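Below is one structure, written out as structure tokens, with a few remarks after it.
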Amino acid sequence: MAEELSQRNQQPALSDVAARVSRHTAVVRHLRLAVPALAVGLIITYALSATPPQVDREFIDQFAAIEETEDGVKLAKPRYAGEDLEGQPFEIAANSATRSGDNDERVGLELPEARRVRPDGQATLVRARDGLYDQTAKRVDLSNDVELEQQGASGSFILRTDAATMDIENQVVSSETEVTGEGKGGKVRADRGTLYQGEDRIVLEGGVKITLEPAEDDGEEDASNAETDGS
Amino acid sequence: QTVSFDPNKPTEVDGDRAELLGGGEHVILEGNVSISQPGVILTADRMDVFRDADGDLQRVEAAGRVRYAAVTGDAIAGDRAIYFATENRLVVQGNVVVLQQGQVATAEELTYNTETGAMVMTGGDGRRVRGLLQQQGES
């Protein structure tokens, strides 16, 4: 028995270098399996977490509406939401937006409408048949059936004109043509008008004519008073 | 015959420039301003027109060359005026001159009932009301 042990001991011991080489080979063998597995794991993790399906579908749908036309890129139902200099949110939407091929900075808008909710919760809207958005100047030139609607507790007041310019940052809309308007309290007309959306203020200039019309019920009230007096 | 502002009737307001605040409940007018209804007119350099939420005329504050005239022949001039629509009352202040049925009077302040034509005039500090009254039949 002792002889066998001694014979095994007498097999030549691996030299140190050979031992290190064999250990290295084992490590490499393990890494060759571990690294690919790790990579696959990472890819799966990224795929699951980085792309929430709901955002992607909406994002993809937006691109579906983009169409390459001869005169540029056309986007259907675009919507732009931003904040003015006072941090008040506003929104500009349109039926379609066409970026002209020769000038990237200008976007043609069809049926644009700008909407802004004032601190009192009432909305101010500006709409037109056509608009031209200048990205550099942050300005929209509106034309054809331009309407400025100011909603208020006692109803809406609407100003109409043919052409106007909207300064998006300062939220000021100024007309270049005659303005006419009407609301619950009466009618107005002037050579030109400016709407300061942030201050709920309208300035009319040039031949201003305002017709103040009393509320309808006043007339009825008088009539009923007259009846009761008579009976 | 009396003629007066009737807040329940349409009122025409004219001027060179107008500023509509609060959805039109407060209107500031400047330059050749006039507010009128058939048979009666008030003019001034500047007016502030106040209406209630229903759009009914409540008060008009006029300043600068204020003139009031009615087809009855009443005419009033002054520096400032306030018209209280619901009370049919016009108060004119500062260098007031009144012309009514051929008689002229001056005062510091005048309160005029736009419905009946009744007037109350005061001389103001240390000044007197002065008038030029015509005898009946004189013209």
Side-chain angles (χ1 to χ4, degrees), chain A residues 118-125 148-159 173-174 179-226, chain B residues 4-62 64 82-88 90 114-115:
Chain A
R118 302 193 305 267
D120 63 3
Q122 303 284 350
T124 300
L125 299 118
L148 289 69
E149 179 179 355
Q150 228 184 1
Q151 292 172 353
S154 56
S156 278
F157 180 73
I158 298 183
L159 273 180
V173 183
S174 39
V179 288
T180 57
E182 62 205 315
K184 184 170 172 163
K187 301 186 190 69
V188 299
R189 99 35 80 210
D191 295 345
R192 55 197 173 279
T194 304
L195 166 65
Y196 297 86
Q197 287 187 285
E199 305 159 33
D200 186 9
R201 180 165 70 104
I202 297 174
V203 174
L204 303 170
E205 291 173 299
V208 178
K209 177 171 275 302
I210 300 173
T211 304
L212 306 179
E213 277 154 8
E216 270 109 35
D217 55 348
D218 286 359
E220 284 141 32
E221 223 167 277
D222 287 351
S224 64
N225 289 345
Chain B
S4 69
F5 263 119
D6 179 349
N8 296 319
K9 288 204 185 100
T11 305
E12 296 294 335
V13 186
D14 295 78
D16 296 340
R17 183 178 187 277
E19 220 172 296
L20 285 70
L21 307 170
E25 288 183 18
H26 177 196
V27 182
I28 303 170
L29 292 116
E30 292 165 327
N32 304 304
V33 184
S34 72
I35 185 165
S36 62
Q37 286 183 341
V40 63
I41 187 168
L42 179 70
T43 65
D45 294 336
R46 171 195 162 111
M47 283 190 201
D48 286 65
V49 178
F50 298 91
R51 297 190 294 166
D52 62 17
D54 287 335
D56 285 348
L57 185 63
Q58 295 295 304
R59 189 173 84 253
V60 176
E61 294 175 5
I82 301 180
Y83 170 59
F84 301 91
T86 53
E87 302 162 28
N88 284 311
L90 177 69
T114 59
E115 193 158 26

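First the proteins, then the strands, lettered A, B, ... as listed; each starts at 1. A quick note: this is a predicted structure, and the numbers were derived from the prediction, not measured.
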Worksheet item: Is B/R17 salt-bridged to A/E205, cutoff N-O under 4.0 Å?
Response: yes
Response to the item:
Closest non-hydrogen atoms of B/R51 and B/Q58, given as atom of the first, atom of the second and distance, are C-CG, 3.9 Å
Fill in: chain A contact via B/V33 - side chain, backbone, both or neither, heavy atoms under 4.5 Å
neither
Item to complete: Taking all non-hydrogen atoms of both residues into account, name the closest pair between A/L159 and A/G181 and its distance.
Response: CD2-CA, 3.8 Å
Fill in: Side chain, backbone, both or neither of B/L21 within contact of chain A (heavy atoms, under 4.5 Å)
both
Worksheet entry | Part of B/L29 lying under 4.5 Å from any heavy atom of chain A | side chain
Discussion item. Quiz question: by atom type and distance under 3.5 Å, do the side chains of A/T124 and A/Q150 form a donor-acceptor pair?
Written reply: no
Worksheet entry | Interface residue of largest heavy-atom contact number with chain A, from B/E19, B/K9, B/E30, B/E25, under 4.5 Å | B/E19
Practice prompt. For the pair A/E149 (side chain) and A/S156 (backbone), establish whether a donor and an acceptor sit closer than 3.5 Å, ignoring hydrogens and angles.
Written response: no
Worksheet entry | Structural part of B/D14 lying under 4.5 Å from a heavy atom of chain A | both
